[in-house]
K.L.:
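Take this structure first; my questions come after.
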Amino acid sequence: MQRLGDICCLWMFAPSYEPLPDKVKFFYDGKHMKLSPPAEEVATFFAKMLDHEYSTKDIFRKNFFKDWRKEMTSEEKSKITDLNKCNFSQMNDYFKAQSEARKQMTKEEKRKIKEENERLLQEYGFCIMDNHKERIGNFRIEPPGLFRGRGDHPKMGMLKRRIRPEDIIINCIFFSPNDIWKEVRHDNKVTWLASWTENIQGSIKYIMLNPSSRIKGEKDWQKYETARRLKKCVDRLRTQYRDDWKSKEMRIRQRAVALYFIDKLALRAGNEKEEGETADTVGCCSLRVEHIQLYPKMDEQEFVVEFDFLGKDSIRYYNKIPVEKRVFKNLQLFLENKQPEDDLFDRLNTSILNKHLQELMDGLTAKVFRTYNASITLQQQLKELTTSDDSIPAKILSYNRANRAVAILCNHQRAPPKTFEKSMQNLQTKIDEKQIQLSTARKQLKAAKADHKASHDDKSKKTVEVKRKAVQRIEEQLMKLQVQATDREENKQIALGTSKLNYLDPRISVAWCKKYAIPIEKIYNKTQREKFAWAIDMAEKDYVF
DNA sequence: CTGACGACTTGGAGTAAGAGAC
DNA sequence: GTCTCTTACTCCAAGTCGTCAG
């Protein structure tokens, strides 16, 4: 693999800090205090977040204050000893005013900024890989700021330091001096162009190509081909894990029950995490006793398992499902003599599970089940929900519902948008108005018909036609609005993006569009069409996952 | 086997852009 | 043309999974 990445060395970085104008003051204990630029910069990070819940959280404040003090001069350090005595409100006002000013910019100013962004993209947003010009995914190095961990993250509020050239490892050929970087290498076994080590968790961050690139597209395609291979042998695997529920060995039973959950509930694998370094979240293998409740009987159903835990991004997973008796009995066995904080599957981890899966099918890992179950669900749901003589908006609603079924399976949730209630109300108002319009149009049609019946002339006939068309048009508009309202309501707390982007074989969607003559733009926006170009190219209307 | 590390995918929030209403 | 609301897109955190050393 030849790699010729043309990356500019200066503009990839965050712009250096520009001190605030003197009129923007910081107060400590009621008294004005001029901060040194480094201390002021970090203070602005906090000031920008004053309206965010983060700034009220104890851990956030504590971590911020500790790191902020490190940036202070010794004089500042000795004076500023209590965050509660700090008044950042002028800074906060200043930034609000700035963003307000940005919104108020004239058309011309906005056009200039847009042009400048486009120029930056053209200049720094591309590289050449294997003789192809490719879009880079994230060509801007992350700017300094306060770490915003999700959930109860012990490190939230810590200072993410500024990245300089000497922190960066370059992994491509580039046209700039060699000696300013941490290292320059040419490793063509990996796909990244540049990397640095981030100071909060000590993990490595990368500059990689855009999803539309060949290298990402091929990987994506492979992922779905692996899931399709699982489809071919999933019956065999299911028979096997059901069999393993009866195994003499505890580790095999645990493995088999965990796999059943991963398959049936689309749970994530659940790697172990370092305690105290991140939020306390779990996946299947890392489930603890406290995360499940067993109910031999619950509302007419037997053998119900109740799950309640925080998964990736501290999103709550809550589900009650009836399981087979054998699974239930096994779970009771796994729980014996354990404390709430003990591992449910104490003889299992993701490495053991994946080794086992690898033996069952080449390339099989826990996450393949998620991909497989998501894609097969979409295919089934589309088949079930689509009616050929439906209108296009009704078909799109069916598509979104199929997509939604997958999002629910994968537990892709979102906070209801802040403006949700209002926007539903607006839509309802429109519907009401449209309904009034419709009844008026219907009355007019009726009148026109009566008129025609009386006169039988050409002119009145034409009027009837015109009115009939008007009614039809308004009916369509009303239906469209109603469909939109249904769709939005059903989608209140569900995030469709992740499944669409990462779990659904795009060829299923492309085939569906072709079969029902739906323009592809109705389901994929520009970025998504670019990412799925390979599938749009490849799939015909008869494609089966 | 265990833990650390490295590379890559997956994830929701936030915001900028721009489409549609007026 | 301007304002408002929605959608697209960016951002970067947080997972998965393989490898390697001890």
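Chain identifiers are assigned alphabetically (A, B, ...) following the order of the sequence lines, protein sequences preceding nucleic acid strands; residue numbering begins at 1 within each chain. In what follows, every heavy atom counts, from backbone to side chain, and hydrogens, waters and symmetry copies are set aside.
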K.L.:
Taking the side chain as C-beta and beyond, is there a heavy-atom pair between Ile376(A) and Tyr372(A) under 4.5 Å?
P.N.:
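Ile376(A) vs Tyr372(A): side chains touch.
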K.L.:
To the nearest angstrom, how far is Glu116(A) atom CD from dA16(B) atom P?
P.N.:
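Atom CD in Glu116(A) sits about 17 Å away from atom P in dA16(B).
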K.L.:
Side-chain N or O of His153(A) versus OP1/OP2 of dA13(C): is the shortest distance under 4.0 Å?
P.N.:
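No, His153(A) has no side-chain N/O under 4.0 Å of OP1/OP2 on dA13(C).
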K.L.:
For dC1(B), does either OP1 or OP2 sit under 4.0 Å from a side-chain N or O belonging to Arg251(A)?
P.N.:
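No, because none of the side-chain N or O atoms of Arg251(A) sits under 4.0 Å from OP1 or OP2 of dC1(B).
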K.L.:
Write down the distance between CG (Asn349(A)) and P (dT16(C)), rounded to a whole number of angstrom.
P.N.:
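That distance rounds to 12 Å.
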K.L.:
Is the phosphate of dA14(C) approached by Gln201(A) (side-chain N or O, under 4.0 Å from OP1 or OP2)?
P.N.:
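Answer is yes, contact under 4.0 Å.
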K.L.:
With nearest nucleotide decided by heavy atoms, which residue, Thr197(A) or Lys367(A), maps closer to the 5′ end of DNA chain B?
P.N.:
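The residue whose closest nucleotide sits nearer the 5' end is Thr197(A).
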K.L.:
According to a strict under-4.0 Å criterion, is Tyr503(A) in side-chain N/O contact with OP1 or OP2 of dG11(B)?
P.N.:
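For dG11(B), OP1 or OP2 has a side-chain N or O of Tyr503(A) closer than 4.0 Å.
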K.L.:
For Tyr241(A) and Asp263(A), test the side chains for any donor-to-acceptor distance below 3.5 angstrom and give the result as yes or no.
P.N.:
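On atom types as modelled, these side chains qualify, holding a pair under 3.5 Å.
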K.L.:
Pick the closest DNA chain C nucleotide for Glu198(A) and for Arg488(A) by heavy atoms, then say which residue is nearer the 5' end.
P.N.:
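On the 5' side of the pair lies Arg488(A).
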K.L.:
Between Glu272(A) and Thr498(A), which has a closest nucleotide on DNA chain B that is more 5'?
P.N.:
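Checking each residue's closest nucleotide, the 5'-ward one belongs to Glu272(A).
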K.L.:
From the options dT16(C), dC12(C), dA16(B), select the nucleotide whose nearest atom is closest to the side chain of Arg102(A).
P.N.:
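Of the options given, the side chain of Arg102(A) lies nearest dA16(B).
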K.L.:
Report yes if at least one side-chain N or O of Arg370(A) is closer than 4.0 Å to OP1 or OP2 of dT10(B); otherwise report no.
P.N.:
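No, Arg370(A) has no side-chain N/O under 4.0 Å of OP1/OP2 on dT10(B).
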K.L.:
Would the base of dA14(C) count as contacting Arg150(A) through its side chain, where contact means a donor and an acceptor less than 3.5 Å apart?
P.N.:
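No such pair is found, so the answer is no.
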K.L.:
In whole Å, I'd like the distance from the NZ atom of Lys273(A) to the P atom of dG3(B).
P.N.:
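Rounding to the nearest Å, NZ of Lys273(A) and P of dG3(B) are 17 Å apart.
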K.L.:
Taking the side chain as every heavy atom from C-beta outward, state whether Arg255(A) and Leu357(A) have any atom pair closer than 4.5 Å.
P.N.:
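A side-chain contact under 4.5 Å is absent here.
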K.L.:
OP1 or OP2 of dA14(C) versus the side-chain N and O atoms of Thr281(A): is any pair under 4.0 Å?
P.N.:
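Indeed not, no polar side-chain atom of Thr281(A) lies that close.
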K.L.:
Answer with yes or no whether Lys312(A) presents, from its side chain, a donor or acceptor under 3.5 Å of a partner atom in the base of dT10(B).
P.N.:
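Indeed, a donor on one side and an acceptor on the other fall under 3.5 Å apart.
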K.L.:
Ignoring backbone atoms, establish whether Lys189(A) has a side-chain N or O less than 4.0 Å from OP1 or OP2 of dA7(B).
P.N.:
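It does not, given that no N or O in the side chain of Lys189(A) lies less than 4.0 Å from OP1 or OP2 of dA7(B).
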K.L.:
Is atom NZ of Lys160(A) surrounded by more than 12 heavy atoms (other residues, nucleotides or ligands) closer than 6.0 Å?
P.N.:
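Enclosed.
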